[in-house]
**Student:** 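There's a structure below that I have some questions on.
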Amino acid sequence: MDFKRSDFPEGFTFGAATAAYQIEGHKFGGAGSTHWDTFAATPGNVVRAEDGALACDHYHRYPEDLDLLKDAGLDAYRFSTSWARVMPDGRTPNAEGLDFYDRLVDAMLERGLKPFQTLYHWELPSTLADKGGWANRDTCEFFGDFTDVITDKIGDRVAAIATINEPWCVAFVSHFLGHHAPGLRDLRATARAMHHIMLAHGTALERLRAKGMQNCGIVLNFDHTTPADDTPEAAAAANLQDAIFNRWFIEAATKGTYPKEVLAGFEPHMPTGWQDDMELISQPMDWLGVNYYTRHRVLHDPDSAWPHLTSVEGDLPTTQMGWEIYPDGLHHFLTRLSRDYVGDLPLYVTENGMAWDDTVENGAVYDPERTSFVSDHMLATKRAIADGANVQGFFYWSLLDNYEWAFGYEKRFGIVHVDFETLKRTPKASYHALKAAIAR
Ligand code: FCB
């Protein structure tokens, strides 16, 4: 790596991230069915119809996984608490599930790891999906109740809490593009989910504050958008894409407004009286999580329906996901977010990483591509700090190779390789490189 811990401000947090459904093994511990289970069970949605039933069996192997974090010299662990594990029907607490997170958090603290919790990383209980999921306003109150229950159990020991992971994926990818559960392609459901997921954020934040919780934030994902040619139509298309993907959520959370060019497409499908929710949605936060992976080049497509957009293949090197590698985009968002939205509020890079077709050879995984990727994005972060962004930490996605949603177990993001036959963990060369870079 071309950076070291001392290049970053004192107290900068280095961590790695995972999410419950992607690693735990959802068949254990009395967890309820989620919309991901049924989405995956429907032909054509997920590679080989794979699901998170076993995943990395982190439910049983968490001590080994936390040892890996500690042995790497990482300071913090970003994990999520599955709603369907804590409340299998979305409403009734499951003592076994609560006890699991209780043990997990204690095990982090025993190892000196700071627990960074995410409340919702996509495990919507099927019973709530049956009632319309995020298109239904009631889901927001139920999410508030879940927030209360899990916070009463572990809130005394977590270092930071994020309400929602990637509202864009929860709402747009899942209800408009149909690539994630519940797999809808419906403008009305999208408009509602785009609003309700932010209302869920506001509702959870209010519940957390009522319990005196500090260090509360949200994790948003950002995608660098560039016009694919120099026509005014392409510029307008890039602006609209940026508004849907990048501005909708941050504007709501920090200013209490939605971009008007997106509202133009969503009207008349927005839930009645949505304006009255904006104060709750934009209440103050303590930090903002930034997930960043890639960029997209877009064009105006007059033949398709609103938002009349199409993506064009880029010319940069890509990862196993086919995502272009563009570290400058991370610098762009960190500086832009500070300048235009959050000022001095602490920023954390809560996800950044790459998938590669890694294989174990003679007991080791050689992944120089990932080492360069991390190095280049850390240097972009360092430049953003020099340019005034208050970035306080960086979490690599992901600790482990895991269930990559619609791509099943095919895409490997981990700094630790997982053999999905034996579940054996093998730290990759990038793990060792990161460890050396952040050694004290
Ligand atoms: C993000 C998700 C995370 C993982 C990475 C690759 O969108 O938050 O769960 O799938 O992408």
Side-chain angles (χ1 to χ4, degrees), residues 15-24 26 34-36 39-40 45-47 50-52 55-56 58 77-84 116-124 134 162-181 197 201 217-224 244-246 249 288-296 318-326 329-330 333 348-358 367 369-370 373-374 377 394-416 418 430:
T18 65
Y21 191 82
Q22 294 178 273
I23 63 164
E24 287 177 357
H26 231 254
T34 75
H35 65 169
W36 265 96
F39 180 75
N45 284 339
V46 176
V47 171
E50 289 167 339
D51 61 25
C56 305
H58 176 75
Y77 177 39
R78 176 170 177 248
F79 69 111
S80 75
T81 44
S82 161
W83 187 353
F116 272 60
Q117 180 194 2
T118 300
L119 285 165
Y120 186 72
H121 204 126
W122 312 352
E123 300 88 3
L124 186 74
W134 291 113
T163 54
I164 307 288
N165 178 70
E166 301 194 348
W168 180 76
C169 284
V170 175
F172 203 81
V173 177
S174 308
H175 296 79
F176 194 84
L177 302 177
H179 297 159
H180 281 186
I197 199 64
H201 158 71
I218 189 170
V219 170
L220 304 180
N221 53 325
F222 297 93
D223 188 284
H224 196 272
I244 295 172
F245 197 131
N246 300 315
F249 308 100
L288 173 69
V290 177
N291 289 1
Y292 172 77
Y293 288 94
T294 187
R295 71 162 190 177
H296 271 94
T318 57
T319 69
Q320 190 193 13
M321 298 292 282
W323 295 350
E324 286 189 292
I325 301 174
Y326 187 59
L330 181 56
F333 282 114
Y348 286 85
V349 178
T350 33
E351 282 182 32
N352 172 250
M354 67 172 277
W356 201 253
D357 188 13
D358 303 307
D367 61 340
E369 302 79 9
R370 183 170 291 101
F373 184 99
V374 176
H377 285 83
F394 182 100
F395 291 78
Y396 180 77
W397 180 275
S398 177
L399 173 66
L400 304 172
D401 291 342
N402 60 42
Y403 179 66
E404 179 44 40
W405 307 113
F407 297 92
Y409 294 94
E410 201 175 84
K411 309 290 184 197
R412 296 182 174 275
F413 275 92
I415 43 174
V416 174
V418 177
S430 56

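The figures that follow rest on heavy atoms only: side chains count, while hydrogens, waters and symmetry mates do not. We count ligands from 1, going down the list as the structure has it; atoms in each ligand are counted the same way. Along the sequence shown, the residues carry numbers beginning at 1.
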**Student:** List ligand 1's nitrogen or oxygen atoms that come under 3.5 Å of a protein nitrogen or oxygen, with the partner atom and distance.
**Tutor:**
from: ligand 1; atom 1: 7 (O); to: Glu166; atom 2: OE1; distance (Å): 2.5
from: ligand 1; atom 1: 7 (O); to: Glu166; atom 2: OE2; distance (Å): 3.1
from: ligand 1; atom 1: 8 (O); to: His121; atom 2: NE2; distance (Å): 3.3
from: ligand 1; atom 1: 8 (O); to: Asn165; atom 2: ND2; distance (Å): 2.9
from: ligand 1; atom 1: 8 (O); to: Glu166; atom 2: OE1; distance (Å): 3.4
from: ligand 1; atom 1: 8 (O); to: Glu166; atom 2: OE2; distance (Å): 3.3
from: ligand 1; atom 1: 8 (O); to: Glu351; atom 2: OE1; distance (Å): 3.1
from: ligand 1; atom 1: 8 (O); to: Glu351; atom 2: OE2; distance (Å): 3.0
from: ligand 1; atom 1: 9 (O); to: Gln22; atom 2: OE1; distance (Å): 2.7
from: ligand 1; atom 1: 9 (O); to: His121; atom 2: NE2; distance (Å): 2.8
from: ligand 1; atom 1: 9 (O); to: Trp405; atom 2: NE1; distance (Å): 3.0
from: ligand 1; atom 1: 10 (O); to: Gln22; atom 2: NE2; distance (Å): 3.4
from: ligand 1; atom 1: 10 (O); to: Glu404; atom 2: OE1; distance (Å): 2.7
from: ligand 1; atom 1: 10 (O); to: Glu404; atom 2: OE2; distance (Å): 3.1
from: ligand 1; atom 1: 10 (O); to: Trp405; atom 2: NE1; distance (Å): 3.0

**Student:** Not counting sequence neighbours, which residues clear side-chain hydrogen bond (donor to acceptor under 3.5 Å, both in side chains) with Tyr292? List them please.
**Tutor:** none
**Student:** Got a sec, which residues hit ring-ring contact (aromatic ring centres under 6.0 Å, His included) with His35, two or more places apart in sequence or on another chain?
**Tutor:** none
**Student:** Can you sort out the partners of His224 under ring-ring contact (aromatic ring centres under 6.0 Å, His included), two or more places apart, ordered by chain and number?
**Tutor:** Tyr326, His332
**Student:** Would you call the rings of Tyr409 and Tyr403 parallel, tilted or perpendicular, taking 30° and 60° as the class edges?
**Tutor:** tilted
**Student:** Between His175 and Val170, is there a donor-acceptor pair closer than 3.5 Å when you use the side chain of the first and the backbone of the second?
**Tutor:** yes
**Student:** Verify whether one side chain among Thr34 and His26 offers a donor that lies under 3.5 Å from an acceptor in the other.
**Tutor:** no
